[in-house]
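Each ligand, and each atom within it, is numbered from 1 in the order the structure gives.
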Amino acid sequence: MNVDLRSDTVTKPTPLMLEAMWSAKVGDDVFGEDETVNALEEKAAAMFGMEAAIFCPSGTMTNQIAIKCFTQPLDELIADQTAHVYRYEGGGIAFNSAVSTRLLNGYRGILTTEMIEPEINAENIHYPHTSLVVLENTVNKGGGACYTLNQIAPIAALCKERGLKLHLDGARVFNALAHTGDKAVNYGNYFDGISVCLSKGLGAPVGSVLLADKATIKYARRIRKVLGGGMRQAGFLAAAGIFALDHHVERLHIDHAHARILADELAGCTWVSNIIPVETNIVLFDTIEPADAVLAKLAAKGIKAGSTDKHRIRFVTHLDVHADQVEYVISVLKSI
Ligand SMILES: *Cc1c(COP(=O)(O)O)cnc(C)c1O
């Protein structure tokens, strides 16, 4: 049996999703004439209580556009040291926006006002002007750790008081919502920008949306064009996104249950030294042997996974990991 636990990006469109894509009504989206893209943008914005949205090829692009929209060159943004925008977007913060980054040490990537406030620079020509805070929910490198809206509200209040914008890298925000029980529509009260990936746990082949107010999204269309992200008959892809929002949100609790089952099993394995508590669909655990040696044993049994450190392995559950595959992984974990 083959099981791919490397990432929730490896999912392939389901037959029903493909059908929705085939039958999409499309037009030239650079002219604003693709009705399926327009429908996706309206739907996503409404879901999160935001005014407008823009469909982009990747979450990297939606995050980088947001940073560009919310900063000026020479500004500084605040993020956790694990942040995807800093670590995994190729240095785009400096390249695209000419902005520096103040990195904080959150708990599993989760920040608090107590951590953020002292790092906001005073008005002084020596210091870059702090203009943006970026949160990530769930935190990828934090093992899928979640913010609740109760944790976000004071950060949003601080940003408002100090004149900072607040952006959410919500690549896996639906996983956070499934875990916390918070309502998506309330997110719009707290963030200036929200990036949502359709191609992670939601199972679309391509695409992310950036949500913000109308003026920001108008400017974002300019930045997307500059980055080469203006797509033409993108409705075929947007249709997959709409399908994902309609059909693949409610099921995320299954992925979370699978992750918990795997973590429970790992807890009984003598070759595992530590497991990060599971909140969503990511399991991070430390191995006594080097991770590469364990990964090779798993690969020999048809199980793909990745390492995030010399002794740390990451399992990610998703739409294409079914209950029988979880059973199979458990049998292999017992045997190695
Ligand atoms: C995957 C991911 C993104 C966006 O990645 P793309 O591969 O560019 O779509 C952004 N933030 C986080 C936390 C992610 O996990």
(request) Quick one: which residue pairs count as a ring-ring contact (aromatic ring centres under 6.0 Å, His included) with a foot in residues 126-175, not counting sequence neighbours? (result) F48-F174
(message) Quick one about N105 and D80 (side-chain donor to acceptor, distance below 3.5 Å, no hydrogens or angles considered), yes or no?
(response) no
(request) Please list, chain by chain and in numerical order, all residues satisfying salt bridge (Lys or Arg N to Asp or Glu O under 4.0 Å) with E89, sequence neighbours excluded. (result) none
Write out each pair where an N or O from ligand 1 and one from the protein are under 3.5 Å apart, with the distance.
{"residue": "ligand 1", "atom": "8 (O)", "partner": "G59", "partner atom": "N", "Å": "3.4"}
{"residue": "ligand 1", "atom": "8 (O)", "partner": "T60", "partner atom": "N", "Å": "2.9"}
{"residue": "ligand 1", "atom": "8 (O)", "partner": "T60", "partner atom": "OG1", "Å": "2.6"}
{"residue": "ligand 1", "atom": "9 (O)", "partner": "G59", "partner atom": "N", "Å": "2.8"}
{"residue": "ligand 1", "atom": "11 (N)", "partner": "H84", "partner atom": "ND1", "Å": "3.4"}
{"residue": "ligand 1", "atom": "11 (N)", "partner": "D169", "partner atom": "OD1", "Å": "3.0"}
{"residue": "ligand 1", "atom": "11 (N)", "partner": "D169", "partner atom": "OD2", "Å": "2.6"}
{"residue": "ligand 1", "atom": "15 (O)", "partner": "N140", "partner atom": "ND2", "Å": "3.4"}
{"residue": "ligand 1", "atom": "15 (O)", "partner": "R172", "partner atom": "NH1", "Å": "2.9"}
{"residue": "ligand 1", "atom": "15 (O)", "partner": "K200", "partner atom": "NZ", "Å": "2.8"}

(request) Sort and list the pairs that fulfil salt bridge (charged side-chain N to carboxylate O under 4.0 Å, His left out) and have at least one residue in residues 27-45, not counting sequence neighbours. (result) D28-R232, D29-R224, E41-R221, K43-D246
(request) May I ask you to test the T216-D192 pair for a side-chain heavy-atom distance under 4.5 Å? (result) no
(request) Sort out for me which residue in D309, T308, N140 forms a side-chain hydrogen bond (donor to acceptor under 3.5 Å, both in side chains) with R314. (result) N140
